[in-house]
2 protein chains.
Amino acid sequence: MPSRPSRPRLEDVAARARVSTASVSLVLRGRPGPSAATREAVLEAARDLGYRADRTASLLARRRTQLLGVTMDVRSSFHAELLEDLQAAADERGYDIVVSPLTRTRDERRAVESLLDFRCEALLLLGPRLTDPELAALAEEHHVVAIGRRAQAAGVDVVRAADDVGVGLAVEHLAGLGHRDIAYVDGPRGPIATVRRQGYRRALKRLGLVDHALVVEGGGDEEAGSAAAHLLHPLQPSRGHDVPPPDRREATGGPSRMPSAVVAFNDRVALGLLDRLRRDGVAVPGDVAVVGYDDSPIARLATVDLTSVSQAPEAMAVAAIEAATQRLDDGRTHAVDVVLEPHLVVRGTTSPPPRDGASTTSGSRGIRLR
Amino acid sequence: MPSRPSRPRLEDVAARARVSTASVSLVLRGRPGPSAATREAVLEAARDLGYRADRTASLLARRRTQLLGVTMDVRSSFHAELLEDLQAAADERGYDIVVSPLTRTRDERRAVESLLDFRCEALLLLGPRLTDPELAALAEEHHVVAIGRRAQAAGVDVVRAADDVGVGLAVEHLAGLGHRDIAYVDGPRGPIATVRRQGYRRALKRLGLVDHALVVEGGGDEEAGSAAAHLLHPLQPSRGHDVPPPDRREATGGPSRMPSAVVAFNDRVALGLLDRLRRDGVAVPGDVAVVGYDDSPIARLATVDLTSVSQAPEAMAVAAIEAATQRLDDGRTHAVDVVLEPHLVVRGTTSPPPRDGASTTSGSRGIRLR
DNA sequence: ATGAAAGCGCTAACAG
DNA sequence: CTGTTAGCGCTTTCAT
């Protein structure tokens, strides 16, 4: 339990070092002025007393708070990753970060308000779901950086990866392997999903595969991916794993051709997809190749080993902090839109399509589906 | 971009409402005193000006900050879940939460310091890795609540689930289904893993199954679970999924009997385990039953459907906030140790063991392994 | 180079 | 019930 004698104040250090509080303040913040002798005395006194500055007080006194506010979805591992990098980048520039998690009882508005209460000097919004007008309104009063999605809002800095390009990379990779029937599992409504879907469509067009386009409904999590598996393989028994799958060639209804490859909105969706496909006896990548998006830690697991598109979170983080500090420290006033190039990380869930009529179903299963 | 005219201050509201700043302060904080007329005038003025209190200033002025600091591992979905519930519980009691994430560049010490800089009135540490002496030292200066693990540290409040009981529930459930060879996949070194392992050993003893004890090395994530699969099934080809598994009965080396059930340190480990087992052609729960720990969101996914032990995060969160506020508001001075009873959530990864000599390998695969 | 003093914006006594 | 006033702990002119 905290000892009653409240923690030492600047004044206490000053008294002990036999100098003024002003000197102590300067020394402790490493600012030029005080002589070497004073410095030493102050540092010693501070050490002896175990002094730590009260940020609340210094923030009040200073105009600046040096605080950057970040809103994030606690459940998103991509956000978690970004946060780590944001933290590091902010650190280097002498800023501190306040994170305001979105939860089911705490939407983006509240999260932002909380940040403003802390007097954050800029708001970094991870994958904000606010509408463009809402963002623009916010930006009238505060510095705001939208991270990870496009935003057509005046005054808002944007840092994002070219998602359409990213999906394009995935599609091209698959096409390069020889796939022609490449499906796409859509994401949850929103600007991010829109751009990725566009990327898919455009890539198919470039490759002359538009006829093969197949966008199936999806979502943002494993559940959605799992559900999508049924749309891709509508002939599988819809529940239970105890019924042998019928020969997929005998299919009626559903897509006339089964895709030999699937690009998913993100890794979580890809994961749900993988899991369901494999349970249904579909080999990945033997029967179907799968590509995710985000290159999340889980994709890197040896057991998952998912080919995925990386948004380069470190680069995004650095760019975002940069955007904020340029406004705060360098007086930039026009909005910027930083677009980073995603890159594909090829792993084990993609390989050439099965030879016509033959399945490359994993031999370890000892089964062939057709 | 922020407009230069700094935001309205209390004084501005007072002037506009033609009352004193004191009255405004009281009204805005909903404290008794001001007359209805004053209230209305103030509220209107505040609304007109778009006033929002500067928390920094009020914290300074007030003795109290009403801030609770939380350290957490951003990567842990269990922590994420707890955080949501902590947030809600704190809210109800008029406290605000500052979260300080641990990252690879930011260990627990730094995270705590950051919280102290914010003048948090209590520290809630999620699954702290600090040693007991370190915790005790911290507790001399601050209110600290350790959440999710046991702690033998003077002055530290502890809120945890009875992990040994939890693992016991899992083992008993399996034994009740008829399993006798029940293995345990250990967690990462630390107090949590120790207690869970103990729970496993004691449960076996109670059930007269000590001879069947098998603790295999594990860890905290999917990777570890995947690796553990090989220790449980040492005869599986160690890499690649393209070699049909040999008849496991012909095993030489490794455990003489294959366990028919496995309890994993946590859900992530269980997940890695599940994935690897299934890829190796082992049916779950047909050949091997698997139980996880944490009842994390992923365990609940239809595609995963993992039997797991729930630590009841909501209850933990409430108890933790309670512990903190009792100290702060009710003047409690002795440490408390709140132990919550975990409960088992039975899902699809557990079923009776295979009949002797027969495999219940999933029929949907159309294969039998032996 | 150093110290005295005036705030930062708000809260809490204390008068009135 | 309302207004006045003295701080909260630190930073920052501005003299010295």
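Since the structure is predicted, the reported quantities are computational estimates derived from the model, not experimental observations. In what follows, every chain begins at residue 1, and chains take the letters A, B, ... in the order their sequences are listed.
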Within this structure, what is the [atom1]-to-[atom2] distance between [X] and [N], rounded to whole angstrom?
| X | N | atom1 | atom2 | answer |
| --- | --- | --- | --- | --- |
| B:D12 | C:dC8 | CG | P | 12 Å |
| B:E11 | C:dT11 | CD | C1' | 14 Å |
| A:Q66 | D:dT11 | CD | C1' | 13 Å |
| B:L28 | C:dC10 | CG | C1' | 11 Å |
| A:E40 | C:dA1 | CD | P | 17 Å |
| A:D117 | C:dC10 | CG | C1' | 14 Å |
| B:L59 | C:dA12 | CG | P | 11 Å |
| A:R18 | C:dG3 | CZ | C1' | 15 Å |

Counting the atoms with a prime plus P, OP1 and OP2 as sugar-phosphate, which does B:T38 contact under 4.0 Å by heavy atoms, base, sugar-phosphate, or nothing? sugar-phosphate
Quick one: label B:R55 by what it contacts on the DNA or RNA (base, sugar-phosphate, nothing), any heavy atom closer than 4.0 Å. nothing
Considering just the side-chain nitrogens and oxygens of [X], establish if one lies under 4.0 Å of OP1 or OP2 belonging to [N].
| X | N | answer |
| --- | --- | --- |
| B:S23 | D:dG3 | yes |
| A:T56 | D:dC8 | no |
| A:S25 | D:dT11 | yes |
| A:S20 | C:dA4 | no |

[X] side chain: which of [options] is closest?
| X | options | answer |
| --- | --- | --- |
| B:L10 | C:dT11, D:dG9, D:dC1 | C:dT11 |
| A:R9 | D:dT2, C:dC10, D:dC10 | D:dC10 |
| B:R29 | C:dT11, D:dG9, C:dT2 | C:dT11 |
| B:L60 | C:dT2, C:dC10, D:dG9 | D:dG9 |
| B:V19 | D:dG3, D:dT2, C:dT11 | D:dG3 |
| B:R62 | D:dT12, C:dA12, C:dG3 | C:dA12 |
| A:S58 | C:dT11, D:dT11, C:dG9 | D:dT11 |
| A:A22 | C:dA4, D:dT11, D:dC10 | C:dA4 |

Roughly how far, to the nearest 0.5 Å, is the CG atom of A:D337 from the CZ atom of A:R150? 7.5 Å
Contact summary for B:Q311 and B:D294, nearest pair of heavy atoms: NE2-OD1, 2.8 Å
Donor-acceptor pair, distance only, cut-off 3.5 Å: does the side chain of [X] make one with the backbone of [Y]?
| X | Y | answer |
| --- | --- | --- |
| B:D85 | B:L82 | no |
| A:R119 | B:R55 | no |
| A:R160 | A:V338 | no |

CZ/B:R93: more than 12 non-hydrogen atoms of other groups inside 6.0 Å: yes
Walking DNA chain C from its 5' end, the first of B:A61 and A:L26 to be reached, judged by nearest nucleotide, is A:L26
